[in-house]
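Throughout, protein chains are lettered first and strands after them, A, B, ... in sequence-line order, and every chain is numbered starting at 1. On a predicted model such as this, the values are computed, not experimentally measured, just so you know.
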Number of protein chains: 2
Amino acid sequence: MNKYNKPMGLAKTEIFTDLQNEIAVISKAFGHPARVAILQHLFKMDTCVCGDLVSEIGLAQPTISQHLKELKLLGLIKGNVEGTSVCYCIDSENWTKMKAIISQFLDQDLSNKNCC
Amino acid sequence: MNKYNKPMGLAKTEIFTDLQNEIAVISKAFGHPARVAILQHLFKMDTCVCGDLVSEIGLAQPTISQHLKELKLLGLIKGNVEGTSVCYCIDSENWTKMKAIISQFLDQDLSNKNCC
DNA sequence: TTTGTTCATTGTAATATTACGATTAATATT
DNA sequence: AATATTAATCGTAATATTACAATGAACAAA
C-alpha cells in the first residue's frame, strides 16, 4: 500500500454498484481473443472438447489452461475429468444468466441520445 | 523483445480472427466498472452530460478523463467542446453496431451443450 | 489583463494480465 | 513397475491497466 487509500493499479470496485461490477467482470472475461475463441469453439462443437483447444487455437498449453481457469472460475464453462484428459463445455445455465445481464446493459434506450 | 516471437505481456492478436479481436476489444471497454458507470450515466441523462461525471462517479478527474478517452477512441461516445466544458453523449450509431457484434456472440445456440 | 473554470496531458507508482518453460500430478498403457 | 499422455501449477518476463498529482491549454469572466 501507499499514500493513496487504494493501490494505484487496482480498480476501485467498492465505489460502484454490484451490477456495474458484475457487468465489468463478465465483460473482462470476453476481453481477450483467446477466451472468445475458446468459447466459440465450445459452442461450435456438438460434443465436449477434450483438450484439442491447444492445437486449435495456437497458444501454449499453460496459456490455454490459464484462460480456461478464468472462464471456469467465472462459471461460463464446466470441466470434467475423463481419464487423463479433461472435457470442457459451456455452462448453459450460467451463460444464459450472464447473457441477460450484459443484454440488459446493451439494450438501454437510445432515443433522444443524438444530442452532440 | 526477447527470445519469444512476441513479448510476454502482449496478447497475440494476429492468431485470431478479426471478429474475435473485435469482440475482445469492445468487451474490454466494458471491462471496468467506471466505464460501465459512465455509459450508464450517459444513457440515464436525457440531455448530454457536460462534465459532472467526476462528481457523479467519484474518481479523480484525470482518471475519468482517461476512461472517457478510451470510450471515445473506440467510438462508443462522442465529445463536443462547449466553451470551457465538454459535452459527452453516446454515439448511437456505433453503439448499435457494437451491440450487434456482442449480441451475435452471446446468442450462440445452446442446444445440446449440457454434455458435462 | 488577470483570474477562475474545465478538461486534457504528462509523469509515475502500483497492480493486473499475458505468455511460456519447467515441473508436477494424475491417470493410462505397456 | 516403467513409460507415456494430458492438463494443472509454479515461476518468471514483459506489457497493460488503473489511479492520481502536477501541469498545461483553452476559454470565460472580472
Side-chain angles (χ1 to χ4, degrees), chain A residues 1-16 21 24-25 27-38 48-74 77-88, chain B residues 1-16 21 24-25 27-38 48-74 77-88:
Chain A
M1 200 63 87
N2 55 10
K3 63 172 170 166
Y4 303 104
N5 47 346
K6 261 273 174 126
M8 304 202 78
L10 191 56
K12 282 179 134 181
T13 54
E14 76 280 1
I15 68 171
F16 301 103
N21 283 313
V25 167
S27 297
K28 205 186 259 183
F30 301 145
H32 193 288
R35 289 190 292 270
V36 171
I38 288 171
C48 285
V49 172
C50 300
D52 53 358
L53 284 163
V54 173
S55 52
E56 181 73 23
I57 290 178
L59 289 170
Q61 180 266 322
T63 308
I64 297 293
S65 192
Q66 197 172 282
H67 285 304
L68 286 169
K69 191 181 176 182
E70 283 178 63
L71 293 172
K72 209 163 79 177
L73 203 73
L74 186 56
I77 64 174
K78 290 185 283 189
N80 269 30
V81 178
E82 284 188 2
T84 135
S85 66
V86 178
C87 167
Y88 284 104
Chain B
M1 201 62 89
N2 54 8
K3 63 173 171 168
Y4 304 102
N5 47 345
K6 260 273 173 125
M8 305 202 77
L10 191 56
K12 282 180 134 181
T13 53
E14 75 280 1
I15 69 172
F16 301 103
N21 282 313
V25 167
S27 296
K28 205 186 261 184
F30 301 144
H32 193 288
R35 289 190 293 271
V36 171
I38 288 171
C48 285
V49 171
C50 298
D52 52 358
L53 284 162
V54 173
S55 53
E56 182 72 24
I57 289 176
L59 290 170
Q61 180 266 322
T63 308
I64 297 292
S65 191
Q66 196 172 282
H67 285 304
L68 286 168
K69 191 181 176 183
E70 283 178 62
L71 293 172
K72 208 161 81 176
L73 203 74
L74 186 57
I77 64 174
K78 291 185 282 190
N80 271 27
V81 179
E82 283 187 4
T84 133
S85 68
V86 177
C87 167
Y88 284 105

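- As judged by a 4.0 angstrom heavy-atom cut-off over every strand, B:K72 is placed among residues making no nucleic acid contact.
- Listed nucleotides D:dC20, D:dT18, D:dT5 differ in distance to A:T84; the shortest reach to its side chain belongs to D:dT5.
- For C:dT30, the paired nucleotide is D:dA1, the pair qualifying as Watson-Crick or G-U wobble because both relevant distances are below 3.5 Å.
- Nucleotide D:dT17 holds its P atom 12 Å from the CG atom of B:L74, rounded to whole Å.
- Nearest-nucleotide mapping onto DNA chain C: of A:H67 and B:G51, the residue sitting toward the 5' end is B:G51.
- The CG atom of A:L71 sits 4.5 Å away from the CD1 atom of A:I77 when rounded to the nearest 0.5 Å.
- Here A:L73 contributes atom CG and A:L68 contributes atom CG; the two are 12.0 Å apart, rounded to the nearest 0.5 Å.
- Comparing A:A60 and A:G83 along DNA chain C, the residue whose closest nucleotide (by nearest heavy atom) sits nearer the 5' end is A:A60.
- At the heavy-atom level, B:L68 lies nowhere under 4.0 Å from the strands shown.
- Checking C:dT17, C:dA19, C:dT9 against every side-chain atom of A:K28, the shortest atom distance belongs to C:dT17.
- When heavy atoms are screened at a 4.0 angstrom cut-off, B:I64 is found touching no nucleic acid atom at all.
- Rounded to a whole Å, the CD1 atom of A:I77 is 13 Å from the P atom of D:dA7.
- Distances from the side chain of A:Y88 to the nucleotides D:dA7, C:dA16, C:dC20 place D:dA7 closest.
- Contact annotation: side chain of B:Q66 to base of C:dA8, donor-acceptor pair absent below 3.5 Å.
- For B:T63, whose side chain is taken as the heavy atoms from C-beta onward, the closest listed nucleotide among D:dC20, C:dC20, C:dT9 is D:dC20.
- One interatomic measurement links the two molecules: CD1 of B:I57 to P of C:dC7, which rounds to 13 Å at whole-angstrom precision.
- Separating the CG atom of A:L71 from the P atom of C:dT17 is a distance of 13 Å, rounded to the nearest angstrom.
- Within the 4.5 Å cutoff, side-chain heavy atoms of A:F16 are placed close to those of A:N21.
- Among all heavy-atom pairs drawn from A:I15 and B:I57, the shortest one is CD1-O, 3.6 Å.
- Taking atom CD on A:E70 and atom P on C:dA16, their separation rounds to 13 Å, with Å as the unit.
- Picking from D:dC20, D:dT18, D:dT6 the nucleotide with the shortest atom distance to the side chain of B:H32 gives D:dT18.
- Going from atom CD1 of A:I15 over to atom C1' of D:dT18 covers 12 Å, rounded to whole Å.
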Show which side-chain atoms of residues 28-37 of chain B pair as donor or acceptor with protein atoms under 3.5 Å away, not counting sequence neighbours.
residue : atom : partner : partner atom : Å
B:H32   : ND1  : B:A34   : N            : 2.9
B:R35   : NE   : B:A29   : O            : 2.8
B:R35   : NH1  : B:H67   : ND1          : 2.9
B:R35   : NH1  : B:E70   : OE1          : 3.3
B:R35   : NH1  : B:E70   : OE2          : 3.4
B:R35   : NH2  : B:K28   : O            : 3.2

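- In this entry the distance linking CG of A:L53 with C1' of D:dT6 reads 13 Å, nearest Å.
- Here D:dA16 presents its C1' atom at 12 Å from CZ of B:R35, a figure rounded to the nearest Å.
- Distances were taken from every side-chain heavy atom of A:L10 (C-beta onward) to each of C:dC20, C:dT15, C:dA8; the shortest belongs to C:dT15.
- A:S65 comes within contact range of at least one nucleobase, with a heavy-atom separation under 4.0 Å.
- Separating the CG atom in B:D52 from the CD1 atom in B:I64 is a distance of 10.5 Å, to the nearest 0.5 Å.
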